[in-house]
Every structure is written in C-alpha cells, then in structure tokens.
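Please read the structure below before turning to the comments.
As the structure is a computational prediction, the values presented were derived from the model and not from experiment. The figures here come from the full heavy-atom set of this structure, side chains too, leaving out hydrogens, waters and symmetry mates.
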Amino acid sequence: MYIAVALDGNHQPLLIAFTLGTINCDDSWLWFMRRLKECLGDNTKVGFISHMSDSIDFAVQRVYPDSDHGYCCKNIAEKIHASTAWNTVVEQLFWKTCKAYNMSDFYACLNNLQNQVNGNHLHWLDNILIAKWVRAFFRRVRFNIKFIDIPDVVNWFRRNTHEFPITTIIEMVHDSMQAVYLQRAAFGVHFTGDFHGLLTPYTLKVIHKRFMHSDGCRIRHIVSDKYEVSKYSTTESVQLDRCICSCGKWQKCGIPCEHAIASLQRLEIAEIHRMVNLKLSTAVYRNGYQTETGNPIPTRRHWEIPVESVVVLPPRQFS
C-alpha cells in the first residue's frame, strides 16, 4: 500500500492519497508521486518525510525537484540501536541531535553523541545527508519528527486485509476515512478556547507551554522590532516583524517560541495569537474539512470503468 499522509492544524494525521500495488520499485513510486502532484497542484510548497527508501527518494527528486525530502528519524534510531550499546543516555542524545532547531545546537549535540559512543560506530551516519534527518537543515516545517504517523485505521487495513479483494479494501478505507473526516468537520465547528477559538487546541497547548518557558527571560530592546532575549547561559535574537528567532523554533513550526513570547508580552495576548502561522488557525482547519472544498474519495459507482475489457491469459505450461 502506497500512502501519503499530512498533519492538519490540530496535529492530527490526514490521509491525502493511497493506492495499492504489488511491488515496491522506482516506477511504482514515480507513478504514485505524479498522481499525488495532480492532487496537490504544481505550486504547492511541500516537504516530504519517508522511510529510508531509494525509490521514494528517486520519485520525489523527479516529481518535486525543489522540495525537501527527509528520512524518518525512527529508522536512523534503529540503526544506531543496532550498531551501539544502546542506552537511555544515547537515546536522549540522538533525539536531541535530530530535533535541534539551529546549526550550532545540532553540532553541539552531535559532538556529545559521538563522545558518548565510539565514533567508529557511527561512521555510516556520514553517508546520510544531514538535511535528510536534522530539523535545523530541513527548510520546510518538519512536524512530528520522531515517527511517520499513519492513521491507525489505514495501518490496520494494511496489516489485516491481505486476503480481501482490492475493491473491498478500497471501500473499507474509503468508508472509515470519510467517517473520520466528518467527525473532524463537526469537531472544528465546536472549537472552543481563548478569543473565540482562533487557534486549534494543539496550537493553544503549545503556546501555553512556551508562555511558561518564557518565565525568567531577560529582554533587551535593540531597535524597532528587534530584541535580544537571554535565559540561563544562552542569548537569542528575535525579529518580530519577520517572525523569526535565532533559536529556530518560530520559523520551523509557525508558533512563536519562548523568546518571541517574552518579547511580545508588551502586546495584548490576542495580538500574540495573531503571530501564529495561519495554517494553525481554526478557520483553516474548518475550511479543510468542509465537503465543498474537500476532495472526497469516490464510491464504487463513481469509478471509471474502461470501455474495453482486457483478458489476462494464464502463463503457458512447458513440459
């Protein structure tokens, strides 16, 4: 099963496209990626996270040459586990390394990781482009960096329906996912929260957490919308007009970091919420699940059936 999944504004997996195939090869992934582009359009700026597959890498480069394509860090974690004496410290250092928001933090974390384990055990990591697994070098938003979150219902079908006809599997996935979309559409109508639910619950939760982390920050106004924010032994530069911070969090996830929030606290909290990327608003969430704007999976009566039938003969028997 070939699957394309995104995350919506409430950090929930959203099935974009799926198909069934018998083999995993360059041509199959190229066909799937081209059909995906027909769905998303030519001008969509997207980033891809996938398993460590040369076929997927080949298809992304051919169909989306200007996009970023990274690997699921869970795959790399498994390789580190197999090549080192894995322990809790190594695990924490690895995830801290791959989730670093800026280059200086990444190299500091990588150095700590290499010092914790024998550097020779990680020599194979040099053969994987840094941009493939490190958030700081990934130009697009890299949500949920720890694993690829495929909807549970699709995972269940992939594991348990091998004996079913293809048409039955497609109808089962269609019915289940359409039910999920209807539930989310109803959920979006009843979003509640501060300021009439301008932001999704996930976004509000992140902002609340970063408000708490902003406690204790020391702020120095530089000029215009530029600030210098210090906490403990680190100092970050914030540019409010450009929605960026040197820590990298704001521009990488679309939600003001604790340094930006500390600088923004002179504003009304409603204004702070408006500094969040529009994609994380309830308005965009509701619009995404409206049946008028969505592209629902067609039922069997809408399938395109070829006029001419094709007869597939059994293989010849040779004595």
Side-chain angles (χ1 to χ4, degrees), residues 7 9-11 43-47 49 66-68 70 95-112 130-131 133-145 193-285:
L7 286 180
N10 200 35
H11 211 69
N43 298 322
T44 304
K45 294 181 179 180
V46 292
I49 303 295
D66 297 327
S67 70
D68 282 18
W95 288 117
K96 193 173 181 181
T97 302
C98 70
K99 294 199 295 186
Y101 281 97
N102 58 63
M103 298 180 189
S104 59
D105 286 349
F106 161 71
Y107 285 115
C109 292
L110 181 63
N111 184 60
N112 291 335
I130 293 177
W133 63 282
V134 181
R135 177 156 46 192
F137 293 84
F138 198 79
R139 293 176 298 175
R140 308 300 181 196
V141 174
R142 184 165 179 149
F143 287 119
N144 215 6
I145 196 168
D194 296 335
F195 308 102
H196 312 292
L198 294 176
L199 303 174
T200 62
Y202 162 78
T203 309
L204 290 171
K205 181 179 178 181
V206 173
I207 288 180
H208 176 71
K209 182 178 179 180
R210 291 183 178 177
F211 258 105
M212 297 178 64
H213 287 172
S214 69
D215 187 36
C217 287
R218 300 183 302 278
I219 309 158
R220 187 167 74 92
H221 184 213
I222 306 299
V223 62
S224 185
D225 278 346
K226 295 183 179 180
Y227 292 83
E228 201 172 74
V229 182
S230 302
K231 187 174 182 181
Y232 305 128
S233 59
T234 62
T235 300
E236 306 292 350
S237 300
V238 178
Q239 297 185 49
L240 300 182
D241 56 338
R242 297 179 59 191
C243 295
I244 63 174
C245 177
S246 58
C247 77
K249 285 185 181 180
W250 195 355
Q251 52 269 39
K252 288 292 182 181
C253 67
I255 303 174
C257 60
E258 54 267 32
H259 313 105
I261 287 176
S263 304
L264 288 164
Q265 285 183 5
R266 61 187 174 85
L267 304 175
E268 296 292 333
I269 191 169
E271 295 181 75
I272 297 177
H273 284 189
R274 293 190 185 97
M275 305 295 282
V276 176
N277 191 301
L278 184 62
K279 296 177 183 179
L280 299 170
S281 67
T282 55
V284 171
Y285 182 93

Spatial distance of atom [atom1] ([X]) from atom [atom2] ([Y]) [nearest 0.5 Å]:
X: Leu198; Y: Ser281; atom1: CG; atom2: OG; result: 8.5 Å
X: Met275; Y: Cys243; atom1: CE; atom2: SG; result: 4.0 Å
X: Phe106; Y: Trp133; atom1: CZ; atom2: CH2; result: 4.5 Å
X: Ile222; Y: Glu228; atom1: CD1; atom2: CD; result: 4.5 Å
X: Tyr107; Y: Asn112; atom1: OH; atom2: CG; result: 15.0 Å
X: Thr97; Y: Asp105; atom1: OG1; atom2: CG; result: 10.0 Å

Does any N or O in the side chain of [X] come within less than 3.5 Å of the main-chain N or O of [Y], such that one atom is a donor and the other an acceptor?
X: Asn277; Y: Leu280; result: no
X: Lys205; Y: Thr200; result: no
X: Lys231; Y: His213; result: yes
X: Ser246; Y: Ser237; result: yes
X: Gln239; Y: Asp225; result: no
X: Arg135; Y: Lys252; result: no

### Query
With respect to Glu258, which candidate in Cys247, Ser263, Ser214 satisfies the side-chain contact (heavy atoms from CB on, under 4.5 Å) definition?
Ser214
#### Entry: Asp241 CG: over 12 foreign heavy atoms closer than 6.0 Å
yes
### Query
So with a 6.0 Å cut-off around NZ of Lys226, is the heavy-atom count from everything else above 12?
no
What are the two closest non-hydrogen atoms of [X] and [Y], and how far apart are they?
X: Arg210; Y: Pro256; value: CD-O, 3.2 Å
X: Cys245; Y: Val238; value: SG-CG2, 3.8 Å
X: Gly70; Y: Phe138; value: N-CE1, 3.5 Å
X: Leu240; Y: Ala260; value: CD2-O, 4.3 Å
X: Ala262; Y: Ile219; value: O-CD1, 2.9 Å

### Message
Please evaluate residues Ile244 and Trp250 with respect to the criterion side chain to side chain contact (heavy atoms under 4.5 Å, CB included), reporting the C-alpha separation (whole Å), side-chain torsions for both, the decisive distance (0.1 Å), and the verdict.
### Response
CA-CA 6 Å; Ile244 63 174; Trp250 195 355; 5.6 Å; no
